[in-house]
K.L.:
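I am attaching a structure below and will ask some questions about it afterwards.
Order of the sequence lines sets the chain letters (A, B, ...), proteins ahead of strands, with each chain counted from 1.
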Protein chains: 2
Amino acid sequence: MTARNAAGGESRVRLSRDRVLLTAIQLADDGGIERLTMRRLGEELGVEAMSLYNHVSNKEDLLHGMIDAVFGEIELPLHSDDWKTALRKRSVSVREVLARHPWANGLMDSGTNPGPATLRHHDRVLGTLRSGGFSLAMTAHAFSALDSYIYGFARQEKALPFDTSEQAAAIAQVMLAGLPASEYPYLFELTAKHVLQPGYSYSSEFTFGLDLLLDALETARDSDANSAQAASGG
Amino acid sequence: MTARNAAGGESRVRLSRDRVLLTAIQLADDGGIERLTMRRLGEELGVEAMSLYNHVSNKEDLLHGMIDAVFGEIELPLHSDDWKTALRKRSVSVREVLARHPWANGLMDSGTNPGPATLRHHDRVLGTLRSGGFSLAMTAHAFSALDSYIYGFARQEKALPFDTSEQAAAIAQVMLAGLPASEYPYLFELTAKHVLQPGYSYSSEFTFGLDLLLDALETARDSDANSAQAASGG
DNA sequence: ACCTGAACACCGTTCAAGT
DNA sequence: ACCTGAACACCGTTCAAGT
């Protein structure tokens with residue numbers, strides 16, 4: 001039995017930054033980020049909106065805190081795994097976490113001040129690459145390419161109206177009906193002959209691109225190491 | 001001499017959906033998306049906010065229109081180029097356009113109704129892959145992987161506090177000072193020994209990942225074609 | 001130290017009224 | 001057909017006042 005609070009329920013539990021953050025995340029998960037207002041969050045916590053400012057300096061601070069909490073949910077790469085499986089697992093975890101908190105992806109452009117969970121996460125990823133034999137420059141390349149792909153995929157998953165494969169089929173049907181086939185022949189073809197086929201699900205595209213990238217990075221690391229060896233060893 | 005309107009300037013030019021959209025984009029470019037309000041947009045056009053509703057059904061419609069206009073700025077892949085250079089050029093163009101309109105990237109999750117420019121763009125990309133010898137399944141893979149990477153990179157560019165290399169250096173200095181080196185050793189190492197080095201610029205990471213992906217997709221296409229041939233021929 | 005009520009300067013959007 | 005003024009139901013945030 002948790003201290004979780006039904007909507008409108010009274011609560012004598014003490015307010016705290018953690019409780020504010022967790023409730024805010026839950027609210028955004030359930031109703032979308034646009035439903036998260038200070039007033040509504042206060043209500044959910046059985047408190048006036050103004051009380052929140054005792055635990056959060058403003059709404060921006062609230063959002064930063066939420067983002068960092070979400071980062072904390074991501075599985076860190078394990079030292080016991082080799083770099084590729086370690087990063088593959090954490091990449092899959094990133095995608096799962098972003099699917100659980102779809103609002104988070106569009107909010108991370110705040111940029112400036114990453115929280116401690118965010119920093120720890122990035123540090124571990126970098127460490128995994130370095131220990132895996134990546135040079136500093138190659139680590140920067142790999143980090144950039146991998147994270148771009150992962151966050152971009154999560155973005156894409158939200159942008160495309162597909163969700164489950166059944167839903168995809170339903171929506172694709174509608175889109176097909178609305179699409180002038182002559183004007184967009186390739187969209188028509190892909191939708192009709194591929195997306196609408198039973199068993200198709202956009203989410204399975206994730207691992208294809210991920211493995212493509214991981215394998216390519218491994219190759220790049222090896223040729224990078226070879227050229228460095230050739231240059232120093234003669 | 002355009003009909004462009006200085007802030008607060010009177011204008012007797014007729015309002016139109018295009019003029020509303022273009023001014024809105026300019027406003028978002030200059031002041032960020034959060035400065036784009038119906039009232040401010042009206043003011044910029046020398047008109048009351050309520051007049052906008054004659055050309056745009058609501059703010060969501062306004063944002064959809066802006067997004068589609070931004071898509072229209074992206075260079076379409078050329079039929080005269082081979083698939084790889086065609087997609088490389090348009091990928092670079094996507095990134096340039098998103099850098100010009102940073103607010104656009106976070107807004108495309110609206111999903112449901114893509115505009116005509118968006119559809120035409122996607123159709124041409126799919127057509128380029130199909131003409132380049134990609135199977136239907138491989139086209140879906142490539143489209144997903146490539147666009148995930150591109151949009152993700154644009155997102156990353158906004159999320160990281162780096163901009164120009166000089167600015168990167170300045171910010172990295174500050175970050176370094178604030179970072180407990182013992183707690184985040186790999187972040188420390190990368191920042192100090194790589195990002196802070198003269199000539200480093202995050203934006204150059206873009207082409208590394210792009211070419212890595214394009215080459216890997218070409219390889220995947222070839223082995224896909226070979227296995228299909230073997231299955232039917234053998 | 002924490003919470004509240006009233007208030008301020010904003011939002012998007014409606015609606016009846018003007019031209 | 002297009003534009004406006006007043007109004008409504010919201011926002012985030014402040015500040016003095018309560019306990």
K.L.:
When you get a sec, tell me which of dC11(C), dT4(C), dT13(C) is the closest nucleotide to the side chain of N58(B)?
P.N.:
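Per side-chain heavy atoms of N58(B), the pick is dT13(C).
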K.L.:
Once you round it to whole Å, what is the distance between P of dG12(C) and CG of D61(B)?
P.N.:
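Taking CG of D61(B) and P of dG12(C), I get 14 Å after rounding.
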K.L.:
How many whole angstroms separate atom NE2 of H55(A) from atom P of dT4(C)?
P.N.:
11 Å
K.L.:
Using atom types as modelled and distance alone, determine if a side-chain donor or acceptor of D61(B) lies under 3.5 Å from a backbone N or O of V56(B).
P.N.:
no
K.L.:
Can you tell which of dC11(D), dT4(C), dG12(C) lies closest to the side chain of E48(A)?
P.N.:
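Looking only at side-chain atoms, E48(A) lies closest to dT4(C).
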K.L.:
How many Å lie between NZ on K59(A) and P on dA9(C), as a whole number?
P.N.:
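Computing the K59(A):NZ to dA9(C):P distance gives 21 Å.
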K.L.:
Would you say the rings of H122(B) and Y184(A) are close, in the sense that their centroids are separated by under 6.0 Å?
P.N.:
no
K.L.:
Among the candidates dG5(D), dC3(C), dG12(D), find the nucleotide nearest to the side-chain atoms of N54(A).
P.N.:
dC3(C)
K.L.:
What is the pairing partner of dA17(D), taking Watson-Crick or G-U wobble pairs with both distances under 3.5 Å in any strand?
P.N.:
none
K.L.:
My understanding is that a pair needs two contacts under 3.5 Å, Watson-Crick or G-U wobble. By that rule, which nucleotide pairs with dC3(D)?
P.N.:
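Base partner found: none.
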K.L.:
Give a yes/no answer on whether the side chain of R40(A) brings an N or O atom under 4.0 Å of OP1 or OP2 in dC10(D).
P.N.:
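R40(A) to dC10(D) OP1/OP2: no side-chain N or O under 4.0 Å.
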K.L.:
R124(B) side chain to P77(B) main-chain N or O, any donor-acceptor pair under 3.5 Å?
P.N.:
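Answer holds: yes.
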K.L.:
Rounded to whole angstroms, how far apart are CZ on R39(B) and C1' on dC11(D)?
P.N.:
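In whole Å, dC11(D) C1' lies 12 Å from R39(B) CZ.
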K.L.:
In terms of side-chain heavy atoms, does E205(B) have a donor or acceptor partner in Y200(B) at a distance below 3.5 Å?
P.N.:
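Yes, Y200(B) and E205(B) have a side-chain donor paired with an acceptor closer than 3.5 Å.
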K.L.:
Does dC11(D) have OP1 or OP2 under 4.0 Å away from a side-chain N or O of T37(A)?
P.N.:
yes
K.L.:
Provide the Watson-Crick or G-U wobble partner of dA9(C), both distances under 3.5 Å; none if there is no partner.
P.N.:
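Its partner: none found.
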K.L.:
Taking CZ from R35(B) and C1' from dC11(C), how many angstroms apart are they, rounded to a whole number?
P.N.:
14 Å
K.L.:
For atom CZ of R100(B), decide whether the heavy atoms of other residues, nucleotides or ligands shown that lie under 6.0 angstrom number more than 12.
P.N.:
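Result for CZ/R100(B): enclosed.
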K.L.:
Taking 4.0 Å as the cut-off, does a side-chain nitrogen or oxygen of S51(B) come that near to OP1 or OP2 on dT4(D)?
P.N.:
yes
K.L.:
Whole Å only: how far is the CD atom of E43(A) from the P atom of dG12(D)?
P.N.:
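Result: 13 Å.
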K.L.:
Between atom CG in L36(A) and atom C1' in dC10(D), what is the gap in whole Å?
P.N.:
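Between C1' of dC10(D) and CG of L36(A): 15 Å.
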K.L.:
Nearest-Å distance, CE (M50(B)) to P (dG12(C))?
P.N.:
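Whole-Å distance recorded here is 10 Å.
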